Structures are given as structure tokens and as C-alpha cells.
Amino acid sequence: MKRSWYATPYALWMLLFAVVPLLFVCWYAFTTPDGAFTTANFREFAKPRYVGVILRSLKLALYCTAVCLVIGYPTAWFLAGRGFNHAQSLVVLILLPMWMNLLLRTYAMMTLLDDNGVLNAALQALGLGKIHIIGTEGAVLMGLVYNYLPFMVLPIYTVLKKMDYSVIEAAEDLGCNPLRVFTRVVIPMSVPGIVSGVTMVFMPAVTSFAISTLLSNGKLRLAGDLIDYIFNQSSNPNRWNIGSSFSLMMLVLILISIGFLRKVDPDSEGGGMW
Amino acid sequence: MVRNNRTVRSVRAVWMTLLMLFLYAPILVMIALSFNASVSRSQWTGFTLDWYVKLFHDPAILGALRTTIEVAVIATVISTVIGTLGAIGMHAMNAGMANVLINVSYLPMTTPDIVTGVSLMLMYLFCHVPLGKWTMIMAHIAFDIPYVLFSVMPKLKQMNPNLYEAALDLGCHPVKALYKVIIPEITPGIFTGALLAFTMSLDDFVISYFTSSDMYPNLSRIVYASTKLGVKPTMYALSTLMFATILILLILVNKRTKLENL
């Protein structure tokens with residue numbers, strides 16, 4: 001028996017449980033419940049009750065990406081600094097929450113931000129009064145940032161770490177001040193990491209499920225929650241088809257992001273995590 | 001990149017402290033509340049283990065715990081076998097064919113969890129397979145396999161290819177050569193892959209949510225359902241235990257590889 005045959009169970013399993021299910025999504029997305037071809041499922045997007053959710057998802061995912069970049073870049077920059085002895089352990093500490101169940105992380109966030117939670121107790125103790133944040137877009141944004149920040153830090157850190165320090169020294173020798181070194185040398189050289197990080201944050205943020213529902217007391221749905229909601233609409237005979245068309249759109253959006261990523265960062269220098 | 005002068009160092013210290021506070025405050029608060037005697041979320045009224053005792057007397061939670069572990073163990077064993085054999089097979093293939101097969105593994109890793117979950121659910125429903133424990137296990141195997149594959153592949157590349165050939169030349173049966181020569185060489189990779197697969201299985205919420213039913217809930221499902229009924233301290237205790245378990249597993253994985261290389 002040739003050794004290559006050992007890959008048969010692998011090929012079959014992945015075909016049956018990774019490829020075929022996606023074909024089912026495509027099939028349902030383009031058919032009516034009777035099995036006839038249609039593109040009407042995609043027109044559901046334009047309905048006001050759905051369009052609002054989709055726009056909110058895109059908006060919050062963009063905000064989340066921006067906040068992660070603003071927090072993540074300096075973090076990665078500090079971590080990649082020369083002679084920073086604690087960098088290794090800090091990187092592990094930053095990555096650690098990422099491996100913790102998404103639900104548990106969000107649940108923890110919920111506890112912290114609650115009207116009667118620790119944050120408000122602390123604010124009151126400081127005499128700053130209470131703030132109402134749970135249930136608002138602010139809380140959802142915080143939850144998203146909390147969940148996806150590590151995805152921004154890691155690729156930028158990897159790129160900065162690999163950067164040739166002599167290039168910076170050359171710029172300095174040629175009379176560049178530190179600010180110009182940063183804007184003209186460091187940032188341009190870290191673009192692959194930034195693109196990687198932006199994609200890695202934006203993709204899961206825009207498809208996130210449960211985070212928003214939990215942090216907004218069920219008031220604010222995002223695209224991921226919308227898919228769940230549609231599939232559970234037992235009164236709607238089209239629910240599988242419409243749900244599939246939404247899922248397919250989501251998948252296409254992700255594939256476009258990945259294509260974009262490959263184009264900007266073809267050798268995945270950004271050290272993409274997967 | 002950063003010059004090590006005093007200003008930079010102090011800014012860095014403040015920045016990192018705030019970041020760690022942001023990342024760990026929610027988790028630490030949750031852990032603290034799991035030991036809090038009062039149900040209140042802001043008042044500390046004394047240390048107690050009551051919530052943990054309650055947890056282990058709740059049949060629903062114990063059932064979910066059993067389901068979670070059962071699913072994780074079965075999925076890990078099967079995905080480790082399939083993934084390891086897959087890696088060995090692909091290693092022996094020509095590069096073109098192997099590349100196609102490896103790319104299939106990127107599919108579940110890049111597809112959003114919600115789409116993976118929904119797609120599997122559609123397939124099960126179409127084939128009239130009732131959602132339950134086994135549908136969840138099948139799904140877990142599919143997303144665990146790539147982790148095993150990507151842990152074993154590098155070990156195979158490091159291996160001296162002549163060893164296997166030598167074993168065959170010396171009259172070893174191919175199957176015997178597999179477990180006498182190849183497997184011992186790649187055992188560290190297999191073990192890391194299995195640990196990762198187990199962690200991913202324990203950790204999963206979204207895919208399990210769509211491929212199982214309320215009849216066979218796993219722990220994530222119980223946590224999710226309970227959030228709709230208001231927060232209970234037993235859930236903090238459960239979360240703390242789950243966090244501790246994942247932490248221990250990751251320390252084990254990290255000892256074998258470096259987390260950031262994954």
C-alpha cells in the first residue's frame with residue numbers, strides 16, 4: 001500500500017464535513033423552499049429591519065478595528081522594543097485570554113460593566129457617580145475590542161520584531177528625527193502586520209455572534225446574531241434559504257478580505273496566526 | 001526599536017499595566033465573585049465555596065460537563081488518528097496534490113464559526129439526522145483535524161526521509177515501518193496536536209451551538225442559556241473552573257511549543 005493512501009480518511013472527512021456543508025449553504029442560498037432557482041433571498045438584505053443590523057455590524061466592526069489598531073500598535077511597538085526583558089511573557093499574557101471561551105470572556109465583561117457591577121461600584125467609591133453602559137453600543141464595542149485585541153497585537157509585533165534595526169540606524173545617521181524615523185521607516189515597514197491585524201480583527205468582529213446580544217441585553221443584534229435569528233424564525237418557510245444567503249454573503253466578505261490580505265502581504269510576513 | 005531611556009520605560013510600564021488591567025480585570029472579577037458569599041455583583045460579603053458545592057449538585061450542569069468531556073475526548077482521539085495519518089499520507093505525496101489537501105484544512109480555519117455551524121446544521125437537517133451529541137462530535141472532529149495536521153506536518157519535515165526507506169529495504173512491512181519508525185519520530189507533534197484539539201473542543205461554543213440541541217447541551221450552551229435568565233454565581237464558579245482547565249491545558253501546550261508560533 002502506498003503511503004499517500006493514509007491521507008484518504010482525512011480527505012473524505014474534510015470533504016464531507018468542511019466542503020459539502022458549504023455547498024449546502026450555496027444551494028439553499030440560491031433556491032426557494034421548493035428547490036427552484038432564485039436570487040430573491042439576497043434581496044432580503046434590502047429590507048429595513050435587516051439593513052439596519054448589517055450597517056450596525058459593519059460600523060461596530062470598523063470601530064472595533066480602529067480601536068484595536070490604536071491600542072494594538074503601541075503595544076506591539078513596546079513589546080518589540082530592544083532590551084525589553086519581559087516581552088516574551090507579556091506576549092503570552094496578551095494571547096492567553098484569546099484561548100478562553102468567547103462566551104466566558106463576554107460573560108466576564110458583562111459582570112464588569114453591569115449597572116450594579118464592579119465598574120460602577122468602583123466609580124461610586126471614587127465619587128464619580130454611576131455610568132450606564134450595559135445595553136449600549138459602547139458596551140458592545142468594548143466587548144468586541146476585548147475579544148479581538150490580541151489578533152491585532154500579534155501580527156504587528158511579529159513584523160516589528162523581524163524588522164532590520166540597521167535600517168532605523170541608517171535613517172538616524174542620515175539625520176532623521178525620531179518622529180520621522182517612526183512615520184517614514186517604522187510604519188511603512190510594518191504595513192504587512194497592520195493589514196494582517198486589521199483583517200484578523202475585522203473578520204471575526206463583523207461575523208461575531210452572541211457578544212452583542214449579551215452585552216446589550218438582547219437589544220442590539222449584529223450580523224451573526226441575525227443569522228441565528230433567521231434560522232430560528234419557525235413561522236418563516238424561507239428561513240433556511242434566507243439564512244443561507246446571509247451566511248454566504250458573510251463568507252464572500254471574508255474571502256474578499258483574505259484575498260486582499262494575500263495581495264498586500266503575499267508571504268504572510270504579518271505572521272498570520274493560522 | 002524603542003530606545004531604553006527613562007521616559008520610554010515609564011510610559012511603557014504604565015501602558016502595559018493598563019492593558020493588563022483591561023485584559024484581566026473581567027476574568028479576575030469573575031473568579032473573585034465565584035467565591036463571594038453574597039449574590040451581589042459589587043459587594044464582597046465573605047469567602048464561600050457554596051457556589052462550587054451547588055455546581056456539583058446540579059444535575060443539568062453535571063450532565064453538560066459529561067457531554068462536554070465526552071465530546072472532547074472522542075473528537076480528540078478520532079481527529080488525532082485521522083490528522084496524523086493525513087499528515088503522513090500528504091508527506092509522501094507529490095507537492096501539488098498535497099497542497100490541495102492542505103488548503104482544504106484552511107477552510108474551517110478561515111470560515112467564520114457561525115457559517116461553519118450553520119452549514120453543518122443545514123447538512124444534518126437536509127439528511128434528516130437529528131441534532132445531538134454525535135452531530136456535535138462529527139463537527140468537532142472536522143475543526144480539530146487541522147490543528148493535528150499542522151502540529152504533525154513540521155515534525156515529518158524534520159524527519160530523516162532515509163529512515164523509512166532503510167526500514168523497508170531491511171524487509172520491514174510498510175505498516176510496521178509506520179509505527180516502528182515514523183510514529184516514534186513524530187510523537188511530540190501528535191501529542192501537541194491532540195492537546196490543541198482537546199482545548200479547541202472544550203472551548204468551542206458557536207459550532208456546538210448550531211450542531212447540537214438543547215437535549216444534549218454542553219457547558220457553553222448551559223452558560224449561554226443561563227445568561228438569558230440573569231446571572232447566577234454558580235455560573236461564575238463554572239466559568240472559573242473552565243478557565244482554570246483551559247489555562248492548565250495551554251501551559252502544557254506551551255511547554256511543548258511556543259504559543260505565538262501557532
Side-chain angles (χ1 to χ4, degrees), chain A residues 1 3-7 9-11 13-14 17-18 20-22 24-25 28 74-75 77-78 80-83 90-95 97 99-104 107-109 111-112 114 116-118 121 154 160 168 186 207 209 214 224 227 231 240 243-244 247 250-251 254 258 273-274, chain B residues 1-2 4 12 15-16 19-20 23 25-27 29-30 33 41-42 82-83 85-86 88-90 92-93 101 104-115 118-120 122-123 126 138-139 141-142 145 174 199 203 205-206 220 223-224 227 231 235 239 242-243 246 250 254 259-260 262:
Chain A
M1 190 172 82
R3 247 193 313 164
S4 42
W5 284 102
Y6 289 135
Y10 164 83
W13 198 282
M14 294 315 272
F17 290 97
V20 171
L22 291 178
F24 271 97
V25 172
Y28 278 106
T75 306
W77 189 65
F78 281 135
R82 279 184 147 193
L90 277 176
V91 169
V92 173
L93 277 178
I94 290 171
L95 294 187
W99 293 83
M100 195 178 138
N101 193 309
L102 167 140
L103 202 57
L104 296 188
Y107 198 62
M109 203 60 177
T111 308
L112 194 69
D114 193 85
N116 302 313
V118 178
L154 190 65
L160 289 178
I168 292 169
V186 177
T207 58
F209 167 60
L214 293 187
I227 292 182
F231 273 103
W240 290 10
S244 295
S247 308
M250 208 83 102
L251 192 58
I254 298 305
I258 291 173
M273 257 164 293
W274 322 116
Chain B
M1 236 133 306
V2 186
N4 245 346
R12 183 171 67 194
W15 183 273
M16 288 299 168
L19 184 73
M20 287 301 137
L23 288 177
I27 299 171
V29 163
M30 197 176 68
L33 288 178
R41 268 177 269 175
S42 51
I82 295 180
L85 286 178
I88 293 171
M90 275 180 257
M93 265 175 214
L101 285 178
V104 175
S105 262
Y106 283 110
L107 203 60
M109 287 175 141
T110 45
T111 311
D113 278 357
I114 184 144
V115 178
V118 161
S119 69
L120 283 159
L122 278 175
M123 181 172 83
F126 179 84
M138 300 290 152
I141 295 170
I145 287 176
T199 314
D203 213 27
F205 159 58
V206 180
S220 309
V223 176
Y224 188 59
T227 55
V231 186
M235 287 298 127
S239 303
M242 285 168 79
F243 179 60
I246 298 286
L250 282 177
N254 202 33
L259 259 187
E260 67 254 50
L262 292 173

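Bear in mind that the values here come from a model prediction, so they are computed numbers and not experimental data. Below, chains carry the letters A, B, ... as their sequence lines are ordered, and counting in each starts from 1.
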Q | Nearest atoms (heavy-atom pairs only) where A/Ser247 meets B/Val115 | A | O-CG2, 3.7 Å

Q: Decide yes or no for A/Leu251 and B/Pro112: does some side-chain heavy atom of the first lie under 4.5 Å from some side-chain heavy atom of the second?
A: yes

Q. In Å, rounded to the nearest 0.5 Å, how long is the span from CD1 of B/Ile114 to CE of A/Met250?
A. 6.0 Å

(Q) Could you tell me if the side chain of A/Ser244 sits less than 4.5 Å from the side chain of B/Leu122, heavy atoms only? (A) yes

Q.
Out of A/Asp114, A/Leu102, A/Ile258, return the one with the most heavy atom pairs under 4.5 angstrom to chain B.
A. A/Asp114

Q: Would you check if A/Leu22 and B/Thr111 make a side-chain contact, meaning some heavy-atom pair closer than 4.5 Å?
A: yes

Q) Which pair of non-hydrogen atoms, one from B/Pro108 and one from A/Ala18, has the smallest distance, and what is that distance? A) CD-CB, 4.3 Å

Q) Given that the side chain runs from C-beta out, which part of A/Leu93 has a heavy atom under 4.5 Å from chain B: side chain, backbone, both or neither? A) both

Q. Side chain, backbone, both or neither: which part of B/Val29 has an atom under 4.5 Å from a heavy atom of chain A?
A. side chain

**Q.** Distance, nearest 0.5 Å, that separates OH of A/Tyr6 from CE of B/Met93
**A.** 12.5 Å

Q. Side chain, backbone, both or neither: which part of B/Leu23 has an atom under 4.5 Å from a heavy atom of chain A?
A. both

Q) Checking B/Ile246 against chain A: side chain, backbone, both or neither under 4.5 Å from a heavy atom? A) side chain

Q: Against chain A, label B/Met123 side chain, backbone, both or neither, depending on which of its atoms sit under 4.5 Å from a heavy atom there.
A: both

**Q.** Side-chain heavy atoms of B/Ser220 within contact of A/Asn101, under 4.5 Å
**A.** yes

Q: Please list, chain by chain and in numerical order, all residues satisfying side-chain contact (heavy atoms from CB on, under 4.5 Å) with B/Phe243, sequence neighbours excluded.
A: A/Met100, B/Ile27, B/Ile31

Q) Is there a side-chain contact between A/Met14 and B/Ile145, using heavy atoms and a 4.5 Å cut-off? A) yes

Q. Using non-hydrogen atoms only, which part of B/Leu120 is less than 4.5 Å away from chain A: side chain, backbone, both, or neither?
A. both

Q: Name the option with the most non-hydrogen atom pairs under 4.5 Å to chain A; the candidates are B/Gly89, B/Ala139, B/Ser239.
A: B/Gly89

Q) In Å, rounded to the nearest 0.5 Å, how long is the span from CZ of A/Phe24 to CZ of B/Phe126? A) 5.0 Å

Q: Over all heavy atoms of both residues, which pair between A/Ser4 and B/Ala92 is shortest? Give the atoms and the distance, please.
A: N-CB, 4.2 Å

Q.
If we define contacts as heavy-atom pairs under 4.5 Å, which of B/Ile141, B/Val206, B/Val104, B/Asp113 has the most with chain A?
A. B/Ile141

**Q.** Under 4.5 Å from any heavy atom of chain B - which part of A/Leu214
**A.** side chain

Q. Just wondering, do A/Leu112 and B/Met30 contact through their side chains at under 4.5 Å, heavy atoms?
A. no

Q: Report the option among A/Thr207, A/Val25, A/Leu103 that has the most heavy-atom pairs separated by less than 4.5 Å from atoms of chain B.
A: A/Leu103

Q | For A/Phe17 against B/Ala142, the heavy-atom pair lying closest together | A | CB-CB, 3.6 Å

Q: Indicate the atoms forming the closest heavy-atom contact of B/Gly86 with A/Tyr10, along with that distance.
A: CA-CB, 3.8 Å

**Q.** Part of B/Leu33 lying under 4.5 Å from any heavy atom of chain A
**A.** side chain

Q) Can you say whether A/Leu90 sits under 4.5 Å from chain B via the side chain, the backbone, both, or neither, judging by heavy atoms? A) both

Q. A/Tyr107 side chain to B/Met235 main-chain N or O, any donor-acceptor pair under 3.5 Å?
A. no

Q: Measure up the B/Phe205 and A/Phe209 rings against each other and bin them: parallel (under 30°), tilted (30 to 60°), perpendicular (over 60°).
A: parallel

